[in-house]
Amino acid sequence: MDWLEQELKQALARKEPAPDFDSRLRRRLVRTLPRWFAAAAAVIVIAGGGAIYRHHQGEQAKEQIMLAMRLTGSKLNQVQAHVQSIGERQ
Amino acid sequence: MKALVAACALAGVLCAQQFKINLDHLEAKASSKVDLALASNWLQFGGTFLDPKDPDEAKAKKIISGLEGLYIKHFEFKTEGQYTQADVEQIRNQLKPPEWSRMVGIKSAEDRENLEVWVRSKDNKASGVAIIATDPRSLTVVNLVGNVDLESLAALGGHSGIPKMKKK
């Protein structure tokens, strides 16, 4: 066994983690996870809220357009009916 | 910033609307009212939500594609005499030639209703329509800005839950 083999064996040898490794890892996860999780949740909520608000506005615009069309149409329809009845009388 | 946006929006409304409808004082007297000021961008935005498979909505979509604005004030009153002829006159006075010409004027003694359709022309092209409709218990003023398809609009009046007027 030459020196290189010896070095490799030492480097790749199984090492037990430090006794507090598990608790340290958990602590770090708890510290870092909520940050990106909260950011992702906020992005989802904002994007979703924006889409819902936009849809609500679109429905509102559609209702206003249809109301305007009905009102205007009914008045023009009245005009047409009057004109037709005058035409028929003559 | 908000004030600036509001000022710009108001300026946009005033620019698009072709005459002033000063009837705010009637709001308190009305039993019901409709006040719509739909600017071009709002019409186009709402148009994207209209269902082309629904016959009425498809017609509405076609009509609004040529419009730059749609402004309506409609009041209904429980009793007669809540608005005056001066209220109507101050609107009619703004519709002057050569821009405006009255296309139809109907005065029905039987129903005590008045119907007027005015067309605004610019460079020999219709660029707007005004409708004034009154009866003892209601007053409606409409300003359609842009290229208006009156026939399609009248056809919509016979749909959408509103019965088409029968010939008398």
Side-chain angles (χ1 to χ4, degrees), chain A residues 21-90, chain B residues 34 36-38 41-51 54 56-57 59-61 63-64 67 70-74 103-108 111 113 115-117 129 131-133 135 140-144 148 150-168:
Chain A
F21 175 77
D22 184 51
S23 58
R24 275 194 294 126
L25 181 66
R26 278 173 196 274
R27 270 203 305 276
R28 185 167 289 183
L29 273 174
V30 168
R31 267 206 314 270
T32 55
L33 186 73
R35 274 187 217 148
W36 72 259
F37 188 76
V43 167
I44 290 166
V45 167
I46 290 166
I52 290 167
Y53 179 67
R54 193 178 153 77
H55 185 78
H56 170 74
Q57 284 223 308
E59 287 295 330
Q60 201 181 356
K62 176 181 143 177
E63 275 174 33
Q64 288 180 345
I65 288 168
M66 290 312 290
L67 174 62
M69 294 289 144
R70 281 182 212 127
L71 251 173
T72 311
S74 72
K75 294 299 165 196
L76 287 171
N77 191 230
Q78 277 175 275
V79 171
Q80 265 188 345
H82 277 287
V83 170
Q84 275 176 6
S85 69
I86 291 165
E88 277 170 14
R89 264 184 260 152
Q90 289 171 348
Chain B
V34 175
L36 293 171
L38 313 180
N41 54 354
W42 188 251
L43 285 172
Q44 301 321 315
F45 173 58
T48 61
F49 284 79
L50 292 169
D51 182 5
D54 180 293
D56 285 341
E57 290 186 23
K59 271 183 200 159
K61 196 170 183 152
I63 293 163
I64 63 165
L67 290 183
L70 208 171
Y71 306 89
I72 296 178
K73 287 229 188 225
H74 169 77
M103 193 167 81
V104 185
I106 293 162
K107 199 167 189 168
S108 166
D111 305 324
E113 80 184 349
L115 295 159
E116 294 170 36
V117 180
V129 169
I131 300 167
I132 304 172
D135 66 51
T140 309
V141 182
V142 179
N143 181 201
L144 297 149
V148 185
L150 289 178
E151 211 154 299
S152 300
L153 251 171
L156 260 180
H159 295 85
S160 310
I162 293 175
K164 194 160 185 160
M165 290 269 293
K166 283 182 183 161
K167 288 179 228 169
K168 288 177 184 173

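Chain letters run A, B, ... following the sequence lines, proteins first and then strands; every chain starts at 1.
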Most heavy-atom pairs under 4.5 angstrom with chain B, which of A:Gln60, A:His55, A:Glu63?
A:His55
If I measure from the heavy atoms of chain B, does A:Gln57 come under 4.5 Å with its side chain, its backbone, both, or neither?
both
Gap between atom CG of B:Leu144 and atom CE of A:Met69 - 0.5 Å precision:
7.0 Å
Determine the minimum heavy-atom distance between B:Leu38 and A:Gln64, stating which atoms define it.
CD2-OE1, 3.2 Å
Counting neighbours of CZ on A:Arg54 that are heavy atoms of other residues, nucleotides or ligands and sit closer than 6.0 Å, is the number greater than 12?
no
Does any heavy atom of chain A fall under 4.5 Å from the side chain of B:Ile131, the backbone, both, or neither of them?
side chain
Which atom names give the shortest non-hydrogen contact between B:Phe49 and A:Glu59, and what distance separates them?
CD2-OE2, 4.0 Å
Identify the two heavy atoms, one from B:Leu36 and one from A:Ala68, that lie closest to each other, and give their separation to 0.1 Å.
CD1-CB, 3.7 Å
Of the backbone (N, CA, C, O) and the side chain (C-beta and beyond), which part of B:Val34 lies under 4.5 Å from a heavy atom of chain A, both, or neither?
side chain
Under the criterion side chain to side chain contact (heavy atoms under 4.5 Å, CB included), which of B:Val142, B:Thr140, B:Val141 is the partner of A:Lys75?
B:Thr140
Under the side-chain contact (heavy atoms from CB on, under 4.5 Å) criterion, do B:Glu57 and A:Ile65 qualify, and how do the steps go?
CA-CA 9 Å; B:Glu57 290 186 23; A:Ile65 288 168; over 6 Å; no
Any chance you could measure B:Lys73, atom NZ, to A:Leu71, atom CG, to the nearest 0.5 Å?
13.5 Å
Considering all heavy atoms of both residues, which atom of A:Ala61 and which atom of B:Gly46 are nearest to each other, and what is their separation?
CB-CA, 3.5 Å
